[in-house]
Protein chains: 2
Amino acid sequence: MPPIQTRASSTTDGSTAASVGLSTPVDLPPATLARLPVYLRELNLLSRTGVEVVSSGELAEAVGVSPAQLRKDLSHLGSYGTRGVGYDVAVLQAQLGREMGSAREWPVVIVGLGNLGRALAGYSGFSSRGFRIVALVDPDPELIGQRVNGIEINDLADLEDVVPRTGAAIAVLATPAEAAQAVADRLVHLGVTSILNFAASVLTVPERVTVRKVDLGQELQILAYHEQRKSDEPVLAGPPASGTGHPEPVLTPERFPS
Amino acid sequence: MPPIQTRASSTTDGSTAASVGLSTPVDLPPATLARLPVYLRELNLLSRTGVEVVSSGELAEAVGVSPAQLRKDLSHLGSYGTRGVGYDVAVLQAQLGREMGSAREWPVVIVGLGNLGRALAGYSGFSSRGFRIVALVDPDPELIGQRVNGIEINDLADLEDVVPRTGAAIAVLATPAEAAQAVADRLVHLGVTSILNFAASVLTVPERVTVRKVDLGQELQILAYHEQRKSDEPVLAGPPASGTGHPEPVLTPERFPS
DNA sequence: GCGTGTGAAACGATTCACAGCA
DNA sequence: TGCTGTGAATCGTTTCACACGC
């Protein structure tokens, strides 16, 4: 009797989750869940700017969704707004953070420290959102022992020591496509239950494991499709500042703002 | 009269596209479009392995979707299968490639060469799918003049020269969030009509421009939500090899296969 | 009055089930 | 017989519109 395995579906919002029974709060619709981090980020921004109250219209405008959708999304969490007024930024921020698990700090292991893996190891967007990179693993003797962002790269052969020691339940996979499934199998065996997969391959994992896939090449291909569409049907609407014309430099900051 | 601007919606599958009139083939549903690159990748793999025919069942299995969905997706492109047999790999590959614009080679400019930008500049998954990085741009004097993967980093101040010279219509944004909108404005002004945005910020662009956003922190947050769910409702189903137990190393390749 | 919270309607995507053809 | 192609049914998501309460 082979254990139940599920294919981690592809596109963003491919998430394979077990979640058998409903616990205290209800399960969020996937589409809503995918937007909550965006709301949370904007709320953090607002709160840092000293804003204390936002209406659904304002917040929706800031994150690029419709006010109705924002309200519907938030309504899944309960009623945290005040009619006629809006949402208290601090309250909503706290509630959203709690719901998303931003209260805890999550230890994360990264497997594969090629170009992409190294970039991810130093990515500030992880630490700023409650994730701590606790281990780096790669099989390349050239890399083992090197440090990235203060963390030493361990041998992939020692994965079975490293993961239990750090207690990571979330793993980032940045290996070549051919290696991804084998590594994932070992990670799952070690108790990892969430995997962010950057490898261009489909992972098969047990039901209880959640996988999200990010395929950068795929993203560009989708853009290429739209590009092709645009060049196929040339003019239709009026000329919109038309193409590569006039350099005419507007805006020329010398450095990115820190 | 301000020009029409649209908010690039957030999650993967946020794509803002104008596509006013329908050209020769019909417009693909976004959900289908997002899966086509996955099918294409698998077809390339199969063709390299010498497989000449696949059924919807086999291909679906390999990419992790249902056979019905695969057939429905492909049916949007026309009838390229043979009843009772399956699909000719070469034919389907060619058709899909043509549809996705893989026939052409797309020049791409990358703006922002921090950790992530540099990793993307060297990412093999881009070149292997028909994209050529033709320009790198950053405002940091430390970086300007350096070469990544054989390409020199140009000054952001020279963007108005670089983009027209290379003819890039697709841009990858890997700048800090605060800089993203300003850079996007300049890119759009230079005729760029597709942007892959890695910055954690919402872009506002004219209708004709397609934006896709990849937010790596957001992906991890979605995993954290699921993790939290799992730890909240502890046991329910039978113990599934239970957690961090027994190292018991299965599979220990010493190196990633190249 | 104003903006939230929410049923109901509209829309889109997925799954089902089978007719049609090699 | 076996697998494609596709209408019909189902399911999920978004939008609409308005009742409710500050």
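We use all heavy atoms of the structure for the numbers below, so side chains are in, but hydrogens, waters and symmetry mates are not. Residue numbering restarts at 1 for every chain, and letters A, B, ... go by the order of the sequence lines. For clarity, every value in this text was computed on a predicted model and none was experimentally measured.
For the side-chain hydrogen bond (donor to acceptor under 3.5 Å, both in side chains) test, residues two or more places apart in sequence or in another chain that qualify with B:Ser56 are B:Arg71. By the ring-ring contact (aromatic ring centres under 6.0 Å, His included) test, A:Tyr225 pairs with no residue at all, sequence neighbours left out.
In this structure, B:Gln69 atom CD and D:dC11 atom C1' are separated by 13 Å, rounded to whole Å. Atom CD in B:Gln95 sits roughly 12 Å away from atom P in D:dG5 (whole-Å rounding).
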(request) Test side-chain contact (heavy atoms from CB on, under 4.5 Å) on A:Phe198 and B:Leu216 and set out the steps. (result) CA-CA 10 Å; A:Phe198 286 90; B:Leu216 306 176; 3.6 Å; yes
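In this structure, the nucleotide among D:dT4, D:dT6, D:dT13 sitting nearest to the side chain of B:Ser75 is D:dT6.
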Pairs under 3.5 angstrom, nitrogen or oxygen only, protein versus nucleotides 16-18 of chain D, please.
{"unit_1": "D:dA17", "atom_1": "N6", "unit_2": "A:Arg71", "atom_2": "NH2", "d": "3.4"}

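Within 4.0 Å of A:Ser66, counting heavy atoms only, lie sugar-phosphate atoms of the nucleic acid but no base atom. Looking at heavy-atom distances under 4.0 Å, B:Pro67 makes no contact with the nucleic acid at all.
Interface limits on DNA chain C: the 5'-most and 3'-most nucleotides within less than 4.0 Å of chain B heavy atoms are C:dA13 to C:dA22.
Near DNA chain C, defined here as any heavy-atom distance below 4.0 Å, there are no residues from residues 39-49 of chain B. Using a 4.0 Å cutoff on non-hydrogen atoms, the parts of residues 77-84 of chain B near DNA chain D are B:Ser79, B:Tyr80, B:Gly81, B:Thr82, B:Arg83, B:Gly84, ordered by number.
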